[in-house]
Structure formats: C-alpha cells, structure tokens
2 protein chains.
Amino acid sequence: GDARAGRAKAIACQACHGLDGVSKLPDAPNLSGQVEPYLVKALTEFRDGTRKNEVMSVAAQELTDADIANLAAYYSGIQVEVIPPG
Amino acid sequence: GDARAGRAKAIACQACHGLDGVSKLPDAPNLSGQVEPYLVKALTEFRDGTRKNEVMSVAAQELTDADIANLAAYYSGIQVEVIPPG
C-alpha cells in the first residue's frame with residue numbers, strides 16, 4: 001500500500017479515528033501503528049459485509065482494494081511506542 | 001473493570017496479542033492502549049457471535065461480562081505514546 005495516498009483518503013476517517021489514528025469516540029478503535037494485514041482484513045470484511053458496524057459498513061462500501069491497502073499502509077505506519085506494563 | 005484480574009486472564013491472550021498488547025501474528029491486532037469500550041464491544045460480539053473469527057469466536061466463548069470488563073481494563077490501561085505523522 002501507498003501510505004501517502006492513504007493519508008489523503010484518511011480525511012474521511014479522521015472524524016472518528018483521527019488523522020494520527022487516535023480515536024475520538026468510545027466506539028472507534030485507535031488505528032495508529034495497528035498491524036497492517038489486520039487493517040486490510042477489517043476494512044475488507046466491513047466492505048464485503050462479513051463484519052458489520054453501523055458506521056463502518058457504510059464508510060467502507062466504496063473502497064477499492066487499493067484504497068484499503070493504502071489506508072492500512074498509512075495507519076499502520078504511524079509510529080507508536082508501548083510502555084510495557086509493570 | 002479490574003486491570004489486575006484482567007492481567008491474570010490475559011495469559012490466555014498472550015500467544016497472539018502479547019501480554020503487553022503487541023501483536024505476535026499478522027491477523028491479530030495490537031491491543032495496547034486500545035479504547036476500553038471498543039474492547040468490551042469486540043469481546044462481547046465475539047462471544048455472542050455477532051462478530052466472527054476462527055480464533056476469537058472460540059477464545060471468547062467462556063468469558064463472563066466481568067472477564068471482558070477486566071481484560072478491557074488491562075489492555076486499554078497499557079500506556080502508548082503515538083508519534084504524530086509528519
């Protein structure tokens with residue numbers, strides 16, 4: 001996926017997921033640094049109807065495979081540092 | 001939820017999601033610092049069958065509401081620092 005193209009497409013995602021992948025709503029997951037193949041799978045399942053969510057089933061409807069690959073590249077590419085639990 | 005009890009329960013999750021919430025498999029999402037209500041929803045949907053996944057539909061089967069709340073408290077409580085994209 002092309003992270004640069006994904007960033008442009010992510011304008012449509014930012015109200016809920018942030019442009020930095022930090023969720024703005026209790027029902028929306030953080031996406032920053034998320035596993036890339038997981039993001040591809042999630043978006044594909046929302047688009048194809050095998051995973052359902054009021055918002056995402058609509059939002060993913062028009063995405064091409066390339067859009068999905070680009071969005072996954074963009075959000076997975078945001079760096080995250082995990083502070084290991086004590 | 002009780003993060004301490006969640007940590008004990010997370011022994012069953014760590015092969016795929018890590019005890020620090022960092023995924024060990026391409027199909028498994030990172031969970032560190034994930035939005036707590038989102039985690040509750042995801043686990044509840046896997047348990048109740050409204051969301052399906054080969055591994056998670058089985059793994060969530062025996063979870064009580066308290067287990068789910070505790071696991072969500074544990075994984076959401078792991079601190080994550082996001083480095084904002086340029």
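Reminder, nothing fancy here: chain letters follow the sequence lines and each chain counts from 1. Computed from a predicted structure; not experimentally measured.
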**Q.** Residue A:Ala3 versus chain B: region with a heavy atom under 4.5 Å
**A.** neither
Q. When rounded to the nearest 0.5 angstrom, what is the spacing between CG in A:Leu25 and OH in B:Tyr38?
A. 13.5 Å
Q) Does the side chain of B:Glu81 reach to within under 4.5 Å of the side chain of A:Gln79, using non-hydrogen atoms? A) no
Q: Compare all side-chain heavy atoms of B:Ile78 with those of A:Ile83 and state whether any distance is below 4.5 angstrom.
A: no
Q. For the candidates A:Gly33, A:Pro84, A:Pro29, which exhibits the highest count of non-hydrogen atom pairs separated by less than 4.5 Å from chain B?
A. A:Pro29
Q: Considering non-hydrogen atoms only, spot the tightest contact between A:Pro26 and B:Pro37 and give its length.
A: O-CB, 3.4 Å
Q. Looking at A:Leu39, A:Val80, A:Asp20, A:Asn53, which has the largest count of heavy-atom pairs under 4.5 Å with chain B?
A. A:Val80
Q. Checking A:Val82 against chain B: side chain, backbone, both or neither under 4.5 Å from a heavy atom?
A. both
Q: State, with a plain yes or no, whether a side-chain heavy atom of A:Lys52 is found less than 4.5 Å away from one of B:Thr50.
A: no
Q.
Given heavy-atom pairs under 4.5 angstrom as the criterion, report whether the side chain, backbone, both or neither of B:Ala28 touches chain A.
A. backbone
